[in-house]
Amino acid sequence: MEDGEQGEGEGEGEWASKAWAHLSSVRSLSPLIQCITNFVSMDLTANTLLSAGASPAMLHSSTESPDFTPQVHALYINVGTLSDAWLPAMIAAAELATKFNKPWILDPVAAAASRFRLKACLDLISLKPSVIRGNASEIIALADASFGSSTKGVDSSHDSTDAVEAAKSLASSSGAVVAVSGAVDFITDGNRVLGARNGVPMMQKITATGCAVTALIAAFVAIDPSHALEATASALAVFGVAGEIGMEMARGPASLRMHLIDSLHGLDQTAVISRVKISAL
Ligand SMILES: Nc1ncnc2c1ncn2[C@@H]1O[C@H](COP(=O)(O)OP(=O)(O)OP(=O)(O)O)[C@@H](O)[C@H]1O
Ligand SMILES: Cc1ncsc1CCO
Ligand SMILES: [Mg+2]
């Protein structure tokens, strides 16, 4: 990717070209992504990464991370089925990623569901993830560092538009790019804000689509680590486009899950360029 001016004045066409360039790089470079993710999402997450051209590895033992994490192109940590045993492994892997200059990406599932989970997420954020992607309720809880307020487990009880200010504040305090998923996905570094308007509402009816798109963000950031904001927007838009095309063949959530994976695998330049809807806000 070129290092030129990005942001103001950039039209949807340029963003779409950038998204295609990111997807093409993922396909050609096939980045290796270590995923420490929840039991629910493992299958969809691995298949999403494979369909996009990346190489997933669900290795989570703190005993093997010292050997493995230095070899990966990015690390993905998702706290969805957090336990006392797994948290130290997540922290150890995040520390290794930072030590070896690998980008790492956090999905703070259900951040406000318990004090244990909120503290775990805040501790992980202190280890400097490149990107944090959550739904609106998760990002609001992290920005406020507050537990229990208007949360509904892993599902959001807010619209993504409700969380834009929280996302900017969390990005500024953490140094991470923060993405909020929803009908519009918002992506911010605390200064610039991008909106990605792809996807279909039925994607919320498939468990772990959020987890899967965060892994896709890890793959896109792996191949363009110095442009985490742009790579994150591209990943969210590309995943949304796969959902839109998949929905044309689907009869409900179960068949959308299958068609989304097929569509992500089959995405061509024409579909990406004509459908990606990213803009600077
Ligand atoms: N109303 C919508 N219209 C279009 N796309 C949507 C809509 N809601 C969610 N999406 C898309 O669905 C995907 C999952 O987002 P969601 O906000 O449901 O994540 P999540 O709550 O973290 O999910 P999970 O925890 O089940 O993994 C994202 O790619 C998002 O863009
Ligand atoms: C349903 C569920 N519970 C913990 S993680 C997860 C997957 C969606 O986040
Ligand atoms: Mg989630």
Side-chain angles (χ1 to χ4, degrees), residues 19 35-49 51-52 58 76-83 86 90 105-114 116-117 120-121 131-142 150-164 166-167 178-187 194-220 232-248 250 253 256-257 259-261 263-264 267 275-278:
C35 304
I36 305 182
T37 189
N38 68 74
F39 299 114
V40 184
S41 74
M42 284 182 185
D43 176 272
L44 182 62
T45 294
N47 278 304
T48 296
L49 286 170
S51 303
M58 285 31 203
Y76 168 43
I77 295 180
N78 175 307
V79 300
T81 48
L82 192 62
S83 70
W86 277 47
M90 292 175 179
I105 316 307
L106 177 67
D107 191 323
V109 178
S114 67
F116 168 59
R117 196 172 277 259
C121 289
V131 183
I132 304 164
R133 193 297 310 169
N135 64 37
S137 295
E138 291 157 354
I139 297 304
I140 290 168
L142 291 174
S150 59
T151 181
K152 195 179 164 207
V154 304
D155 290 328
S156 186
S157 47
H158 298 86
D159 291 336
S160 54
T161 44
D162 300 339
V164 175
V178 175
V180 189
S181 57
V184 179
D185 301 317
F186 295 100
I187 308 98
L194 306 177
R197 292 177 176 74
N198 293 103
V200 292
M202 184 77 80
M203 289 163 76
Q204 281 181 307
K205 297 293 177 195
I206 308 168
T207 190
T209 46
C211 310
V213 79
T214 313
L216 193 64
I217 290 168
F220 278 46
T232 300
S234 291
L236 284 157
V238 161
F239 192 70
V241 168
E244 291 168 13
I245 297 172
M247 197 65 218
E248 290 166 10
L256 177 57
R257 187 182 193 280
H259 289 302
L260 190 158
I261 293 169
S263 301
L264 182 56
L267 276 184
R275 284 176 178 264
V276 160
K277 292 198 194 85
I278 299 173

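Counting starts at 1 for both ligands and their atoms, following the listed order. For the numbers below, each heavy atom of this structure counts, side chains included, while hydrogens, waters and symmetry mates do not.
- For ligand 1, the polar-atom distance check finds no N/O of I206 at less than 3.5 Å from any of the ligand's N/O atoms.
- Regarding atom 6 (C) of ligand 2, its nearest protein heavy-atom neighbour is V40 CG2, 3.7 Å.
- Shown in contact with D185 at under 4.0 Å from a heavy atom are these atoms of ligand 1, numbered in order with element: 30 (C), 31 (O).
- Between C211 and ligand 1, at least one pair of N/O atoms sits closer than 3.5 Å.
- Proximity annotation for atom 3 (N) of ligand 1: of P201, S181, G243, P201 comes nearest, heavy atoms only.
- With a heavy-atom cut-off of 4.0 Å, R133 touches ligand 1 through its side chain alone.
- In terms of polar-atom proximity, E138 is not counted as a contact of ligand 1, lacking any N or O under 3.5 Å from an N or O of the ligand.
- When each atom of ligand 2 is checked for a heavy atom of T207 under 4.0 Å away, the hits are 1 (C), 7 (C), 8 (C).
- Here atom 25 (O) of ligand 1 lies nearest to V154 when heavy atoms of L260, V180, V154 are compared.
- On a distance-only criterion, G134 and ligand 1 share no N/O pair closer than 3.5 Å.
- At a 4.0 Å heavy-atom cut-off, ligand 1 touches V200 through the backbone alone.
- Neither the backbone nor the side chain of S41 has a heavy atom within less than 4.0 Å of ligand 2.
- In this structure, atom 3 (N) of ligand 2 lies nearest to the protein heavy atom V154 CG1, 3.6 Å.
- Looking at ligand 1, you won't find any N or O of S156 less than 3.5 Å from one of its N or O atoms.
- Not a single N or O atom of D155, backbone or side chain, sits closer than 3.5 Å to an N or O atom of ligand 1.
- At least one heavy atom of C211 sits less than 4.0 Å from an atom of ligand 2.
- Close approach of ligand 1 to N135 (heavy-atom distance below 4.0 Å) involves ligand atoms 17 (O), 20 (P), 21 (O), 22 (O).
- Between T207 and ligand 1, a contact under 3.5 Å exists for no N or O pair.
- Note on ligand 1: G240 sits outside its first shell, no heavy atom being nearer than 4.0 Å.
- Every atom of ligand 1 is numbered from 1 in the order shown, and the set under 4.0 Å from a heavy atom of F239 is 29 (O).
- Near V109, meaning under 4.0 Å from any of its heavy atoms, are these atoms of ligand 2: 9 (O).
- Close approach of ligand 1 to G199 (heavy-atom distance below 4.0 Å) involves ligand atoms 4 (C), 5 (N).
- Using a distance-only test at 3.5 Å, with no hydrogens or angles considered, a donor-acceptor pair links the side chain of S156 to the main chain of S137.
- For atom 26 (O) of ligand 1, the nearest non-hydrogen atom from the set G210, A208, G153 comes from A208.
- Protein heavy atom in closest approach to atom 4 (C) of ligand 2: G80 O, 3.3 Å.
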